[in-house]
Amino acid sequence: MAAELTAHELIAKHRPTLDQALEAIRTRAYWSPHPEHPKAYGENGSLDAAAGKAAFDALLGGRLDLGQPGTDDWVGGETSPYGIELGVEYPHADIDTLLPAMQAGRRAWRDAGAEMRAVVCVEILKRISDRTHEFAHAVMHTSGQAFMMAFQAGGPHAQDRGLEAVAYAYVEQVRTPDTAEWTKPQGKRDPLALTKQFTPVPRGTALLIGCNTFPTWNGYPGLFASLATGNPVLVKPHPRAVLPLALTVQVAREVLAEAGFDANLVALAAERPGEGIAKTLATRPEIRIIDYTGSTVFGDWLEANARQAQVYTEKAGVNTVIVDSTDNYKGMLSNLAFSLSLYSGQMCTTPQNLLVPREGIRTDEGPKTYDEVVADLARAVDGLLGDDARANALLGAIVNPDVKARLEAAAGLGEVALASRKIANPEFPDAVVRTPVIVKLDGAKPDDEAAYMSECFGPVSFAVAMDSAADAVELLRRTVRDKGAMTVGAYTTDDEVEGAIQEVCLEEAAQLSLNLTGGVYVNQTAAFSDFHGSGGNPAANSALCDGAFVANRFRVVEVRREA
């Protein structure tokens, strides 16, 4: 088909946004082109709240036909953590038909060049942004996030991460010039002269294995990093969270076709219940890049078995906060209470282990014993979630039965400082909503170590009594080294303790947040500025986003000619 979006139009429209993104990753200053407030939408083609909800409702019980080749069945079965059946059907692909079809447009996409690929990706993100209200409901009803979190994390924050990946991809591809004239003097003889041409060549078809909790936020970096570097992308969503990524694929295919490229450069691989196609896809010879967020067990399997592919994994870790001392006790408690409660702790960045010296801590309110710190934190969580409406807005819903089972089992691991309680959601009576549990453990007891040295994903935290700040720092080191950590937090007014914690995080490659008492939390990161994960400890083998995340998705091939 003839291109409806010309290169000139796309570059004129989106090059300024790309340039701002390039400046943002250089300076690491705050910037975002995607509004966080729901009321910012409704003009210039974007859907307002009512239109977005109507668009989502229209999807329910319907069939999302993407026009993909090789469709041999229709599959679905998603149930919202809020208790409603989505009833959306998706194409099930004959992979032997779909994968070859995804190769057909690869040459034209490669030859389009880094700038054209980048602005096409920005156009895809712009159209997704225009439908943020619709996507927010899709994320909410597949992940269990409360609406405002689904709107922000699943919308503008995810879109920011996608654009960040495009910016890094562009930088790495243009690092080498397109052409070079090479002349080597030969004394009295004529110089040697060559004309050299350098082309970024995509590695091959990429596989994105989506996660249940943050399908867009965790999915967009890999998707757009691969696409912007010239690779076709096959999207395999989590079976409980298909809709947000299926809508993403739909938008991407529309934009690619309108820009004159093969829509099959992006395709969906939905699966039948219990089919488990991820392992089969991951070891196909056509798959040369894999992006995965999820359990350590499957992440380790991918790294060991998908030998033909470059594998990027974000797995599990045991996130730790050391509480040594503070000059803002109330602020510390408030900040920690929010961090433990947000989305029922169902974030890979949520703190799990709170290491507190058993003799207590120094504060601006005087000394506080270990028991007082833990009790005061429990009261802070209770106060934050005391109003059910506020609690529902912060907690969302428990995403799956495994999280609920871990939460219930945690109460038997030690003395319960804060018991979890049920919260009713009047709008969604079938939603499973639970407040966090805090369990007291002893860092000197070997029997307690099995609990705090294992990830307990969900609204579960362990307040671990430590003999000293030095012991806490050494446990932090061992935890990050052996189990990995996406985040580390610390509260201290002691320069020596701060230096020791920082040195551990530098040596073990863990991202550190110090003395957060305001509106920034240890489990939140900002695109263009913060690195999510480091790629340097067992929790993840890559960071979102840096040059290493994109650079090995393509290679530079050189053609030399005599001048």
Side-chain angles (χ1 to χ4, degrees), residues 68 75 77-78 90-93 95 98-99 102 139 142-143 154 158 161-162 165 203-227 229 231-249 252 265-317 346 348 399-400 402 457 486 532-533 535 539-545 549-550 552-553:
Q68 294 183 175
V75 296
E78 290 159 292
Y90 309 97
H92 181 277
I95 297 301
L98 181 59
L99 281 174
M102 296 182 70
V139 170
T142 51
S143 71
R161 282 296 184 193
R203 181 176 283 274
T205 300
L207 173 66
L208 169 64
I209 303 175
C211 70
N212 193 175
T213 48
F214 289 89
T216 56
W217 197 99
N218 278 108
Y220 283 5
L223 191 164
F224 285 100
S226 288
L227 192 61
T229 49
N231 304 280
V233 183
L234 180 61
V235 178
K236 204 297 290 182
H238 191 285
R240 286 193 291 262
V242 182
L243 185 55
L245 289 179
L247 292 174
T248 302
V249 170
L265 287 165
V266 179
L268 184 76
E271 56 191 315
R272 300 183 182 96
E275 186 176 4
I277 62 174
K279 285 187 176 182
T280 302
L281 291 174
T283 51
R284 292 277 302 212
E286 302 96 326
I287 299 300
R288 304 302 302 280
I289 302 166
I290 297 173
D291 287 279
Y292 167 75
T293 300
S295 73
T296 297
V297 172
F298 191 58
D300 289 345
W301 186 93
L302 288 170
E303 292 170 2
N305 292 277
R307 307 298 295 178
Q308 84 293 349
Q310 178 71 29
V311 179
Y312 300 90
T313 58
E314 181 193 312
K315 299 176 287 189
Q346 298 171 124
C348 62
V399 69
N400 63 52
D402 291 341
F457 185 77
M486 295 299 294
H532 176 75
N541 72 2
S542 58
L544 304 181
C545 275
F549 185 69
V550 299
N552 214 16
R553 296 173 192 260

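Numbers for residues simply follow the sequence, beginning at 1.
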Over all heavy atoms of both residues, which pair between Pro239 and Lys236 is shortest? Give the atoms and the distance, please. CD-NZ, 4.0 Å
Apply side-chain contact (heavy atoms from CB on, under 4.5 Å) to the pair Leu302 and Ile209, showing each step before the final yes or no. CA-CA 11 Å; Leu302 288 170; Ile209 303 175; 4.1 Å; yes
Quick one: sort the Trp301 and Phe298 rings into parallel, tilted or perpendicular, breaks at 30° and 60°. parallel
Between Asp291 and Arg553, is the closest basic N to carboxylate O distance under 4.0 Å? yes
Please check: side-chain N/O of Asn231 versus main-chain N/O of Gly204, any donor-acceptor pairing under 3.5 Å? yes
Thr142 and Val242: side-chain contact (heavy atoms from CB on, under 4.5 Å), yes or no, with the steps? CA-CA 8 Å; Thr142 51; Val242 182; over 6 Å; no
Work out which heavy atom in Asn541 is nearest to a heavy atom in Val311; give both atom names and the distance. ND2-O, 3.0 Å
Between Pro221 and Ala165, which heavy-atom pair has the shortest distance, and what is it? O-CB, 3.4 Å
For Asn400, what residues pass the side-chain contact (heavy atoms from CB on, under 4.5 Å) criterion, not counting sequence neighbours? Asn212, Arg240, Asp402, Val403
Among all residues two or more places apart in sequence or in another chain, which pass the side-chain contact (heavy atoms from CB on, under 4.5 Å) test with Glu286? Leu99, Arg284
Determine whether a donor-acceptor pair (N or O, by modelled atom type, separation under 3.5 Å) exists between the side chain of Glu314 and the backbone of Ser542. no
If you apply the rule side-chain contact (heavy atoms from CB on, under 4.5 Å), what do you find for Val233 with Leu265, and how did you get there? CA-CA 6 Å; Val233 183; Leu265 287 165; over 6 Å; no
Examine the side chains of Asn552 and Arg203 and answer whether a donor and an acceptor come within less than 3.5 Å of each other. yes
Not counting sequence neighbours, which residues clear salt bridge (Lys or Arg N to Asp or Glu O under 4.0 Å) with Lys315? List them please. Asp300, Glu303
Taking all non-hydrogen atoms of both residues into account, name the closest pair between Met102 and Thr205 and its distance. CE-CG2, 4.3 Å
Reported SG-to-NE2 distance for the pair Cys211 and His238, which is rounded to 0.5 angstrom: 8.0 Å
Are any of the side-chain heavy atoms of Cys545 and Val550 separated by less than 4.5 Å? no
If I compare all heavy atoms of Leu268 with all of Val249, which pair ends up nearest, and what's the gap? N-CG1, 4.0 Å
Going from CG on Leu207 to CD1 on Ile287, what distance comes out if it is rounded to the nearest 0.5 angstrom? 5.0 Å
Under the ring pair (Phe, Tyr, Trp, His ring centres under 6.0 Å) test, which residues partner His532, sequence neighbours left out? Trp217
Donor-acceptor pair, distance only, cut-off 3.5 Å: does the side chain of Glu78 make one with the backbone of Leu243? yes
Checking Thr248 against Tyr220 for the side-chain contact (heavy atoms from CB on, under 4.5 Å) test, could you report, in this order, the C-alpha distance in whole Å, the side-chain angles of both residues, the deciding distance, and whether it holds? CA-CA 9 Å; Thr248 302; Tyr220 283 5; 2.7 Å; yes
Test your reading of the model: is there a side-chain donor-acceptor pair from Glu271 to the backbone of Ile277, 3.5 Å cut-off? yes
Any donor-acceptor N/O pair, Thr216 side chain to Gly154 backbone, under 3.5 Å: yes
Would the distance check show the side chain of Gln308 and the main-chain N or O of Arg288 forming a donor-acceptor pair, the cut-off being under 3.5 Å? no
For Thr280, check side-chain contact (heavy atoms from CB on, under 4.5 Å) against everything at least two apart and list the hits. none
In short, Ala206 meets Ser226 closest at the heavy-atom pair CB-OG, 3.4 Å
State, yes or no, whether a side-chain contact exists between Leu208 and Tyr292 at a heavy-atom distance under 4.5 Å. no
Those residues that, when tested against Phe549, pass ring pair (Phe, Tyr, Trp, His ring centres under 6.0 Å) (two or more places apart): Tyr312
So, the side chain of Gln68 versus the backbone of Leu98: is there a donor-acceptor pair under 3.5 Å, distance only? no
Atom OG1 in Thr229, atom CD1 in Ile289: separation rounded to 0.5 Å? 5.5 Å
